[in-house]
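Here the structure is laid out as structure tokens; the discussion comes afterwards.
In the text below, chain A, chain B and the rest are named by the order of the sequence lines, each starting its count at 1.
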Amino acid sequence: MLQSKLFTKTIKELPKDETSFNARQLIRAGFIDKLAAGVYSFLPLGLLVHDKICRIIREEMDAIGGQEILMPALIPKESWAATNRWENFDALFRLIGGDKKEYGLGATHEEVVTPLVKKFIFSYKDLPAAVYQIQTKFRNELRAKAGLIRGREFSMKDLYSFHADEKDLNKFYEIVIKSYFKIFSRCGLGDLTYLTYALGGTFSKYSHEFQTLAKTGEDTIYLCKKCKIAVNKEIIEEQKVCPQCKKKDFVEEKAVEVGNIFKLGTRFSKPFGFSYMDEKGGKQDVIMGCYGLGPSRLMGTVVEVCHDEQGMIWPEEIAPFRVHLIEVRSKEAKVKKETEKLYNDLRKNGVEVLYDDRDEISAGEKFAEADLIGCPYRLVVSEKTLAKDSVEVKKRDKKEVEMVKISEVAKRITNNA
RNA sequence: CGGGGUGUGGCCUAGCUGGCUUAGGGCGUCUGGUUUGGGACCAGAAGAUCCUGGGUUCGAAUCCCAGCACCCCGACCA
């Protein structure tokens with residue numbers, strides 16, 4: 001993309017109505033814009049990151065047999081009433097339609113997905129099944145905070161699985177855990193994210209959270225370094241030992257909850273009468289699991305964790321562009337010509353490039369913006385580099401710069417070196 | 001929902017013990033010129049319901065009351 005065509009701009013001052021690092025940086029760099037507390041627009045750069053996270057999630061969900069669907073956000077009161085959540089779900093946005101009909105905006109979708117899947121699944125032969133969606137969720141938080149970490153409107157991937165028995169659910173549940181770790185690794189948070197035991201499973205003793213270590217995190221977890229798993233506050237207050245090694249050798253850490261998975265059992269299949277016929281012709285309740293992961297929150301978490309004083313440092317797979325190509329303005333037409341050529345050449349090689357082709361902007365300003373935006377590779381073309389028939393290559397997370405022959409740049413960048 | 005803080009051009013802000021404010025500065029924007037490897041420089045210009053409503057006063061951005069919005073701490077978080 002040509003940066004001269006990008007309608008957003010970066011700003012020098014931090015927004016005063018935000019304190020969280022992720023919101024400040026993302027607003028400053030033109031990735032998002034705030035409309036109201038906990039409600040943000042995604043601008044071109046931010047949407048690119050968000051969509052890349054979603055793409056990774058889709059790939060990993062598809063890989064474990066998840067089938068993507070899209071459910072409505074406008075959910076009639078009757079659906080919620082079936083599980084007594086119309087009255088009991090504090091964070092539900094409730095609204096009234098023109099015909100006085102009441103609706104709740106989708107905060108979670110068990111009440112929709114269960115009757116939906118029930119229409120198609122009747123037999124043990126139809127099980128197991130797993131469906132997921134990526135959709136905007138609404139939660140009427142009493143207090144939105146921390147930028148993208150806790151909004152009132154946010155994106156969420158929710159996967160629901162349906163099984164003939166508990167054993168099959170348990171098997172799939174473990175597969176999802178592995179899949180989630182792949183997702184977090186690909187998003188650059190692999191080393192910082194820990195499976196965390198939490199209460200709240202209606203069918204099993206525990207639910208599980210995925211907690212990413214971050215100094216600015218709102219959660220406190222207790223990490224068992226030996227087992228590489230953690231427990232949350234509820235657990236440590238109840239039993240004070242690691243569920244795995246049964247020792248209480250914990251390190252207290254701040255973290256952000258980036259995912260949460262539950263074994264639901266029959267909690268939703270029972271009220272909706274979702275059962276199946278087993279091999280002997282008997283009627284059995286369907287056993288369910290649900291698995292949440294928020295792309296927008298994940299994006300905010302990455303910013304909290306991956307940055308330096310100059311700006312963001314996007315992990316390669318979710319960066320808005322792989323390369324930020326900077327043309328240092330020159331009186332010699334050659335510089336623009338060569339940079340344009342390189343831009344086209346890189347794109348032909350499948351490299352995503354943000355090309356700072358603006359004529360009026362000083363080199364220093366371009367560098368500062370490149371650091372702020374945080375693409376993994378910065379390429380600089382100038383009279384200086386062209387004198388050596390080269391391009392300057394710098395990785396965002398490294399200090400060193402390297403001169404690379406123009407003819408070899410595309411290879412160098414695509415090779416992941 | 002309890003407690004605290006903040007609200008001034010698009011952004012960051014000064015002014016806030018009332019009058020010297022025709023609301024000052026910086027960023028950004030526009031015009032002209034100079035610059036050209038780390039958010040450049042000079043000159044000029046445009047751009048403001050001082051959050052909203054009410055009150056006190058000869059006079060309110062400034063004081064009082066009410067409301068709204070945003071941020072932070074706590075509570076809450078299927």
Considering every strand shown, what is the Watson-Crick or G-U wobble mate of [N] when both distances are under 3.5 Å?
N	answer
rA66(B)	rU52(B)
rC76(B)	none
rU31(B)	rA43(B)

Restricting to nitrogen or oxygen on both sides, can you table the protein-nucleotides 7-16 of chain B pairs closer than 3.5 Å?
residue: rU8(B); atom: OP2; partner: Lys16(A); partner atom: NZ; Å: 2.2
residue: rC12(B); atom: OP1; partner: Lys16(A); partner atom: N; Å: 3.0

query: Could one point to a donor on the side chain of Arg139(A) or the base of rC77(B) with an acceptor on the other under 3.5 Å away?
result: no
- prompt: For the side chain of Glu365(A) and the base of rG38(B), is some donor closer than 3.5 Å to an acceptor across the two?
  reply: no
Arg143(A) side-chain N/O to rC73(B) phosphate OP1/OP2 under 4.0 Å: yes
- prompt: Does OP1 or OP2 of rA40(B) have a side-chain N or O of Ser362(A) closer than 4.0 Å?
  reply: yes
Pairwise side chain to side chain donor-acceptor pair (under 3.5 Å) hits with a residue in residues 189-200 of chain A, at least two apart: Thr193(A)-Thr212(A)
Salt bridge present between Arg28(A) and Glu13(A) (N-O < 4.0 angstrom): no
- request: Give the intermediate values and the outcome of side chain to side chain donor-acceptor pair (under 3.5 Å) for residues Asn232(A) and Tyr206(A).
  value: CA-CA 11 Å; Asn232(A) 77 5; Tyr206(A) 306 111; over 6 Å; no
task: Check Lys336(A), Glu338(A), Glu340(A) against Glu327(A) for a side chain to side chain contact (heavy atoms under 4.5 Å, CB included) and give me the one that passes.
output: Lys336(A)
- prompt: Is there a donor-acceptor contact under 3.5 Å linking the side chains of Ser296(A) and His50(A)?
  reply: no
Phe272(A) versus Phe268(A), closest heavy-atom pair with distance: CD1-O, 3.2 Å
- request: Scan residues 74-96 of chain A against RNA chain B and write down, sorted by residue number, each residue with any heavy atom closer than 4.0 Å; if none is found, say none.
  value: Arg85(A), Phe89(A)
- prompt: Is the NZ or CZ atom of Arg396(A) positioned over Trp314(A)'s six-membered ring, under 6.0 angstrom from the centre and within 45° of the axis?
  reply: no
